[in-house]
Amino acid sequence: MKNILFLILALFCLSCSDKQQHSTDSLPRSTPEKEGVDSEGIVHFLEAIKDNKHELHSFMFMRHGKVIAEGWASPFSDSLNHALYSVTKTFTSTAVGFAVSENLLSVDDKVISFFPESLPDTISPYLEKLSVKHLLSMSVGQDPEPTFSLADTNCVRTFLAVPIVHEPGSKFHYNSYASYMLSAIVQKVSGQKLYDYLQPRLFEPLAIKNVDWMEDASGINTGGWGLSVKTEDLAKLGQLYLQKGEWNGKQLLPESWIEEATSMKIEQAPQKAKEEKTGNDWEQGYCYQIWRSTHGYRADGAYGQYIVVLPEENMVVALTSHVSNMQEILTLLWKHLIPAVQDTPLPLNAENQEKIKELTTALAIVPNGWTESPMEKTITGKIYEFPPNEFKAISTKIRFEKDTCIVNLKSEWEDQVLNLGKGFWSTSGSCFWEDDHTLIIKMMDLQGGGANDFIFKFDDDKISISSNGQTVTGKIS
């Protein structure tokens, strides 16, 4: 429990930092109508998000290189990084693009040529054929996708030892380990971790700061996941691609690479007729760690993290969320945003601007439940002790003061104090009563993009605390 609860607390406290101010590092701002977008479409998109109860954490819409609408669902904010999950892969393929442009490698290079020290005893014909291009296009030929452990001290050797059962390039099969291998290759040819390699080439020119990127036990950035940046940073990468690699008058990446990286390399379901694929944005073709979409192309990550690039509309959309049905978010974009795009500027619609603000505020993730219970008078100030348990929890004391719940947690590791808002977010989290005997404490993992609930149940002099399917019980001392 210590590892979960205290880590989440630390992450939550980051939400108290001041909001970043728009500066020379920020993208320029405008209004939808000035850039030829009917704000009614943005209103309808946000209304649909609300009506369908999608947990949208942030959105940023750009046209003509300017931000025309943006918002964050409290307690998320523009100053916080957000976990990207597989959007990380597009940053990795961008690094490969830089390496190719610097003649450090080519997409036709064989994977085994980079790691002679990690090869299996027997090199199969398919492994011998495996190229960087196959890693980029998710057509390695391993099936099922290999598993991964950050504790592995030689993940490259582990990957190369996994049998390749389909000829490389012949079949699409999603493979996050392939993205890791791209990271390892860039590190091998550049002598730098992916994060360090991208620093002067991408992060500094685009003013992407305070980047977090996981790495494995051997010091290789994960490549396929594990990157956290801000929503505006996502929009910046999308805009770089929309501008064919140009940024502030300088060509960072060759236009030829952008075109190659965003053109379809393999079909996900070649056996299906075109009409069968309509409406499925995961069957429109795959590029270099980039998906083709019903409109344009995109980077995407689990639970609804998106960079959507729309060349025909000259638009970029950045989204972070926590949803189970990722297609629904894209479908709402196609339904409401695409038809709103016009060729010329439109008259300002002040009413819709106000609606967008209201709907953005309504995106806030609000804890639902009772803020009062008769149980408060019975348990406030009481100390509950726990017998020896796997969480190393020793005792807890709960106090209620006006609109705040204060929880003292004592364990074999350390003591912590949580100041929780009753029905609202405070610096430590929020709490509410599910019923007279059940107190829900909600800790938002702001960088991870999800929430963790701790269920406190009170029965006479007993208490049980549950989270993620695990429970510890105690009683009043």
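Note on ring orientation: taking the six-membered ring where Trp is involved, the planes of Phe203 and Phe91 are tilted (angle from 30° to 60°). Ring geometry, His82 versus Phe76: the interplanar angle falls from 30° to 60°, so the pair is classed tilted. Taking the six-membered ring where the residue is Trp, Tyr180 and Tyr177 present perpendicular rings, their angle passing 60° and hence far from 30°. Aromatic ring pairs are classed by plane angle as parallel below 30°, tilted from 30° to 60° and perpendicular above 60°; the pair Tyr286 and Trp291 is perpendicular.
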Listed pairs under 3.5 Å, donor-acceptor, residues 396-406 side chains, sequence neighbours left out:
unit_1: Thr396; atom_1: OG1; unit_2: Asn408; atom_2: O; d: 3.0
unit_1: Arg399; atom_1: NH1; unit_2: Asn408; atom_2: OD1; d: 3.4

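Side-chain contact check for Gln289 and Thr92: no donor-acceptor pair (N or O, by modelled atom type) lies under 3.5 Å.
Taken from OG in Ser321 to OH in Tyr306, the straight-line distance is 7.0 Å, to the nearest 0.5 Å. Here the CG-CG distance, from Asp233 to Leu27, works out to 9.0 Å after rounding to the nearest 0.5 Å.
Among residues two or more places apart in sequence or in another chain, the ring-ring contact (aromatic ring centres under 6.0 Å, His included) test is passed with His173 by none. Considering only residues two or more places apart in sequence or on other chains, Lys410 meets the side chain to side chain donor-acceptor pair (under 3.5 Å) condition with none of them. Scanning for salt bridge (charged side-chain N to carboxylate O under 4.0 Å, His left out) contacts around Asp300 gives Arg298, with sequence neighbours left out. Under the rule for a ring-ring contact (aromatic ring centres under 6.0 Å, His included), the partners of Phe45 that lie at least two apart in sequence or sit in another chain are Phe61. Residues forming a side chain to side chain donor-acceptor pair (under 3.5 Å) with Thr94 (at least two apart in sequence, or on another chain): Tyr241.
The main-chain N or O of Pro205 is found under 3.5 Å from a side-chain atom of Trp247 such that the two form a donor-acceptor pair. At distances below 3.5 Å, not a single donor-acceptor pair connects side-chain atoms of Ser58 with backbone N or O atoms of Asp78. In this structure, the side chain of Ser467 engages the main chain of Asp453 through a donor-acceptor pair within 3.5 Å. At least one donor-acceptor pair closer than 3.5 Å links the side chain of Asn52 to the backbone N or O of Ala48.
A salt bridge links Glu215 with Lys193: the distance from a Lys NZ or Arg NE/NH1/NH2 to an Asp or Glu carboxylate oxygen falls below 4.0 Å. By the 4.0 Å N-to-carboxylate-O rule, Lys422 lies close enough to Glu376 to be salt-bridged with it.
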Q. Do Lys457 and Ser466 pass the side-chain hydrogen bond (donor to acceptor under 3.5 Å, both in side chains) test, and can you show the C-alpha distance, the side-chain angles, and the key distance before you say yes or no?
A. CA-CA 8 Å; Lys457 285 187 174 289; Ser466 302; over 6 Å; no
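Residue Ala261 comes nearest to Cys287 through the heavy atom pair O-CB, 2.9 Å, listed as atom of the first residue, atom of the second, then distance.
The 12-atom threshold is not exceeded at OH of Tyr303, counting heavy atoms of other residues, nucleotides or ligands nearer than 6.0 Å. Other residues, nucleotides and ligands contribute more than 12 heavy atoms inside 6.0 Å of the NZ atom of Lys188.
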